[in-house]
Amino acid sequence: MQTIKATLEKIVYYNEENNYLVARCSFCEPQKGSFTIVGNLNNPTPGVVLEIQGEWSFHPKYGKQFKIQSCTRIPPTTPRGIEKYLGSGIIEKIGPGMAARIVKHFGQQTLNIIEKNPDKLEEVEGIGPRRKESIISALEKQKKTKEVMLYLYSLGIGSSTANKIYNTYKDEAPQKIQENPYRLIEDIFGIGFKTADSIARDIGIEKESPLRIKAGIHHILLQSTEKGHTFLPYFELKEKVAKLLEVEEKLVENAITSLRQRKEVIVEDESIYHPKFYLAEIEVAKKLRGLINSGNKTLPLEWKNMVNWLEKSQGIKLSPDQKMAIKKAITDKVMVLTGGPGTGKTTTVKSIVHLFEQLGLKVLLAAPTGRAAKRLSEATEKQASTIHRLLGFVPGQGFTKNEKNKLRADVVIVDEVSMIDLLLMNALLKALPLSCRLILVGDADQLPAIGAGNVLQDIIRSMAVSVVRLEEIFRQAKTSLIVVNAHRINKGEFPYLPRWEIADKYTDKKDFYFLNELDSTKAEQIIVNLCCREIPEKFGFDPFKDIQIISPLYRGYAGVNRLNSILQKILNPERTFLSRGQIVFKIGDKVMQLKNNYEKEVFNGDIGKITRINKKDEIIEVEFPEKRVIYQGQDINQITLAYAISVHKSQGTEYPVILMPLFTSHYLMLQRNLLYTALTRAKRLAIIVGEKKALAIAIKNDKMARRYTKLKQRIASIAGENKILT
């Protein structure tokens, strides 16, 4: 790392939200010349002298730049620098003209006069008592800001993070950090336990401090919810925290007791909950009970007559299971409709919607993601929305539809319920009036939600809610090897594996193929060749629009990261680019949104195409199916390349073609439900490249990663209580 002393001459670009700066600076003596700095700097001011720590880098278009790691301000000393500093707008009511008059009067002693003898400012024409006080106050604020930033840098905090902390806490930052550095984890986006713990160590917090141990407990609990758990067993939590913090388990026990007394954790039968997830689990069970046991369960209809009417009016023939689903929709307040591909879930949902609308009932349709909502809308030919939009989510405020402001609906149908986590289900149930019917639709054999809980499985296994499982594969679906093999895999049977070599233009083409390849490095090239040349030539699919590569892992050969890099070079040779970390974005790239952004109305997993890049201002414009979205500065971290994606990111979406590598080196992810989920993403063609042994391991492994949750027991217990009462 290098230290440079320079004067900030001109601000080329500055983003007030994240303090990202591009500026021209001139070297202080003895060096001469100017250069560009890039990085994060709070309230940059032309004329100020900076002592910058960082490293030189070379930008392909803009040349040599100095990247800021940390930076401290040194007040300017030359009349020219002082005039520029004062006239930059840093002080209210002092523009370039007034700055020139002040510096002309006091010269090189200007800042010294302002700091030590400010009453003299009234000697300058145009400065009275009020303006003098404004100048003194503004400079005092600058001085305080400098002191705070120096304090943050002294803790080893980088420029970008230091600016986030200052923007959140302002001048109180040192005090708040001294009181409890672990509050940074919750208050500052991007600061995790490791960073906060390092800061705590630097300010002298002992290794065995109760404050540190309590923070470690909260960290482990919240980290576990990201793996799907709603709680951790007492002994497992104790062991994990002790190992993380390198302290005795007895100290962790004492901290848990203290947190329990203050209700900062909930302890129930040797299970430790974060209060938010405990309350959500209780609420979901209670709200479901309320719906199930509320009045008006059965509509005044003869369900068999309704089924006959539906078949005639829509010109369809319903299976016995589909008829049972319609019966349950009529007779029960809450039901689950599940089943694999080709079993008629879509037709059933469409029939239920048609029936209820003919009866004059208001039906609302929703799904957890924008992609899933769009599919539901296309399938039913009715409007569908994301759950967040249905509940009127407002950033910073939460859901506007809630216990006090219920949805106006007679029936709510939610698709892709396997993707819904505990907190989102709780928010949905809170907004439903007791008179409402709730129909939950999803494939229970797919991967569970990324967030906490195993909601769909728990509801089904509670035995308290009517569940209709569609199992009969319809005649037209039986001709699809995608459908047939998905069901075989789900039953633990080995799929039919036609070889790719038979897929030429003169034969009867299949919709599923397997390419046997033991070498994952060779498989990469095979997948790339299939995507870019063979599939387009033999089947006519577009490699960008139609083909989606889905890999079990991100790293290693045939992983998401390597495949994205290789395919970008082949499919998009565009030269205009913008780098973000290890990723290079180009105009024309296929990209994916990584997190829900309700302000921009784009959601985790949405795929779009880059249509514009402004390197100077760090702007990327992405065209999604329904809108164009602008990303600038830190927002760019919300997107990534999407020529290849993970299986989890593919949930809720279908693609014309999927290509999937599968090797024994992927052993951590070789699970039946993961393979099943990936295969059922394909609508017209699915190709697996890899080892038969890996395929066999995945099919045999039907053990889903265990999730600690008590929702099933809570729903079942409540249902049992109700039976006794009735």
### Rounded distance [0.5 Å steps], CD in Glu9 versus OG in Ser26
3.5 Å

### Message
Could you go through Ile199 and Tyr182, starting from their C-alpha distance and side-chain angles, then the distance that decides it, and tell me whether this counts as side-chain contact (heavy atoms from CB on, under 4.5 Å)?
### Response
CA-CA 9 Å; Ile199 293 169; Tyr182 297 102; over 6 Å; no

### Task
Begin from the C-alpha positions of Gln593 and Tyr631 and carry the test side-chain hydrogen bond (donor to acceptor under 3.5 Å, both in side chains) through to its verdict.
CA-CA 11 Å; Gln593 175 76 17; Tyr631 296 85; 2.5 Å; yes

### Message
Parallel, tilted or perpendicular, judged at 30° and 60°: which one describes the rings of Tyr643 and Phe544?
### Response
perpendicular

### Considering all heavy atoms, the nearest Phe193-His219 contact
CB-ND1, 3.4 Å

### Query
Which atom pair, heavy atoms only, marks the closest approach of Cys71 to Ile52?
SG-CG1, 4.0 Å

### Query
Any chance CD of Glu246 has more than 12 other-residue heavy atoms, nucleotides or ligands included, within less than 6.0 Å?
no

### Task
Take Cys25 and Thr7 through the side-chain contact (heavy atoms from CB on, under 4.5 Å) test and state the conclusion after the steps.
CA-CA 5 Å; Cys25 290; Thr7 302; over 6 Å; no

### Task
Could you note down all residue pairs passing side chain to side chain donor-acceptor pair (under 3.5 Å) where residues 96-111 supplies at least one of them, sequence neighbours left out?
His105-Glu123, Gln109-Asn112

### Query
Which residues pass the side-chain contact (heavy atoms from CB on, under 4.5 Å) test with Ile619, sequence neighbours left out?
Arg612, Asn614, Asp617, Ile630, Gln632

### Task
State, to 0.1 Å, how close Glu83 and Ala100 come at their nearest heavy-atom pair, and which atoms those are.
OE2-CB, 3.7 Å

### Query
Taking atom types as modelled and ignoring hydrogens, do the side chains of Tyr557 and Asp519 form a donor-acceptor contact shorter than 3.5 angstrom?
no

### Heavy-atom check, side chain of Ile607 versus side chain of Val591, under 4.5 Å
no

### Task
Report yes or no: does Gln548 contribute a side-chain atom to a donor-acceptor pair with the main-chain N or O of Ala642 at less than 3.5 Å?
yes

### Query
What residues form a side-chain contact (heavy atoms from CB on, under 4.5 Å) with Lys67, not counting sequence neighbours?
Val38, Ser57

### Query
What distance separates Ile82 CD1 from Ile102 CD1, expressed to the nearest 0.5 Å?
11.0 Å

### Query
Any chance NZ of Lys240 has more than 12 other-residue heavy atoms, nucleotides or ligands included, within less than 6.0 Å?
no

#### Entry: From Asp197 atom CG to Leu184 atom CG, the distance as rounded to the nearest 0.5 Å
11.5 Å

### Task
Please determine, by modelled atom types, if Tyr151 and Gln178 share a side-chain donor-acceptor pair under 3.5 angstrom.
yes

### Query
Can you tell if the side chain of Ser650 reaches within under 4.5 Å of the side chain of Tyr655, non-hydrogen atoms only?
yes

### Query
Ile4 versus Trp56: any side-chain heavy-atom pair under 4.5 Å?
yes

### Message
Could you measure the distance from the CD1 atom of Ile220 to the CG atom of Leu245? Nearest 0.5 Å is fine.
### Response
7.5 Å

### Task
Please name all residues satisfying side-chain hydrogen bond (donor to acceptor under 3.5 Å, both in side chains) with Glu239, sequence neighbours left out, ordered by chain then number.
none

### Query
Taking the inter-plane angle between the rings of His274 and His218 on a 0 to 90° scale, is it parallel (under 30°), tilted (30 to 60°) or perpendicular (over 60°)?
perpendicular

### Message
For a quick test of reading the model, state the closest non-hydrogen atom pair linking Val560 to Ala644 and the distance between them.
### Response
CG1-O, 3.3 Å

### Query
Is Asn40 close to Ile68 at the side-chain level, that is, under 4.5 Å between some pair of heavy atoms?
no

### Message
Suppose we screen for side-chain contact (heavy atoms from CB on, under 4.5 Å). Which residues come up paired with Lys649, at least two apart in sequence or across chains?
### Response
Tyr554, Met592, Leu594, Asn604, Ile645, Ser646

### Query
Can you name the side-chain contact (heavy atoms from CB on, under 4.5 Å) partners of Glu51, sequence neighbours left out?
Thr3, Thr72, Ile74

### Message
Quick check for you: to the nearest 0.5 Å, what is the distance between Lys132 atom NZ and Ile127 atom CD1?
### Response
10.5 Å

### Message
Quick check for you: to the nearest 0.5 Å, what is the distance between Asn572 atom CG and Ile587 atom CD1?
### Response
9.0 Å

### Message
Run the salt bridge (Lys or Arg N to Asp or Glu O under 4.0 Å) test against Glu226 and tell me which residues pass, sequence neighbours left out.
### Response
none

### Residues that Glu623 engages under side-chain hydrogen bond (donor to acceptor under 3.5 Å, both in side chains), provided they are two or more places apart
Arg628

### Message
Which residues pass the salt bridge (Lys or Arg N to Asp or Glu O under 4.0 Å) test with Lys609, not counting sequence neighbours?
### Response
none

### Nearest heavy atoms of Pro79 and Val103, plus distance in Å
O-CG1, 3.6 Å

### Any Asp171 side-chain heavy atom under 4.5 Å of Glu147 side chain
no

### For the student: nearest non-hydrogen atoms of Pro661 and Pro552, plus distance
O-CD, 3.3 Å

### Query
If you count the non-hydrogen atoms of other residues, nucleotides and ligands that lie under 6.0 Å from NZ in Lys627, is the total more than 12?
yes

### Task
Check whether more than 12 heavy atoms from other residues, nucleotides or ligands sit under 6.0 Å from atom CD of Glu206, and answer yes or no.
no

### Task
Return the set of residues passing salt bridge (Lys or Arg N to Asp or Glu O under 4.0 Å) with Lys144 (not counting sequence neighbours), or none when no residue passes.
none

### Task
Could you tell me whether a side-chain N or O of Arg212 sits under 3.5 Å from a main-chain N or O of Ile205, the two making a donor and an acceptor?
no

### Query
So do the side chains of Leu41 and Leu8 get within less than 4.5 Å of each other, counting heavy atoms only?
yes

#### Entry: Test salt bridge (Lys or Arg N to Asp or Glu O under 4.0 Å) applied to Glu55 - qualifying residues, sequence neighbours left out
none

For residues 522-532, which side-chain donor-acceptor pairs fall under 3.5 Å, sequence neighbours excluded?
residue : atom : partner : partner atom : Å
Glu524  : OE1  : Arg562  : NH2          : 2.9
Glu524  : OE2  : Ala558  : N            : 2.9
Glu524  : OE2  : Arg562  : NE           : 2.6
Asn529  : OD1  : Arg533  : NE           : 3.0
Asn529  : ND2  : Glu534  : OE2          : 2.9

### Query
Step by step, would you call Glu621 with Ile610 a side-chain contact (heavy atoms from CB on, under 4.5 Å)?
CA-CA 6 Å; Glu621 183 179 276; Ile610 294 177; over 6 Å; no

### Query
Do Thr36 and Gln65 have side-chain N/O donor and acceptor atoms under 3.5 Å apart?
no

### Query
With a 4.5 Å heavy-atom cut-off, do Leu641 and Val584 have their side chains touching?
no

### side-chain contact (heavy atoms from CB on, under 4.5 Å) assessment of Val247 paired with Val252
CA-CA 8 Å; Val247 298; Val252 181; 4.0 Å; yes

### Task
May I ask you to test the Tyr169-Asp187 pair for a side-chain heavy-atom distance under 4.5 Å?
yes

### Query
For Glu122, does the CD atom sit with more than 12 other heavy atoms under 6.0 Å from it, leaving out its own atoms?
yes

### Query
How about Phe27 and Phe35: are their ring centres within less than 6.0 Å of each other?
yes

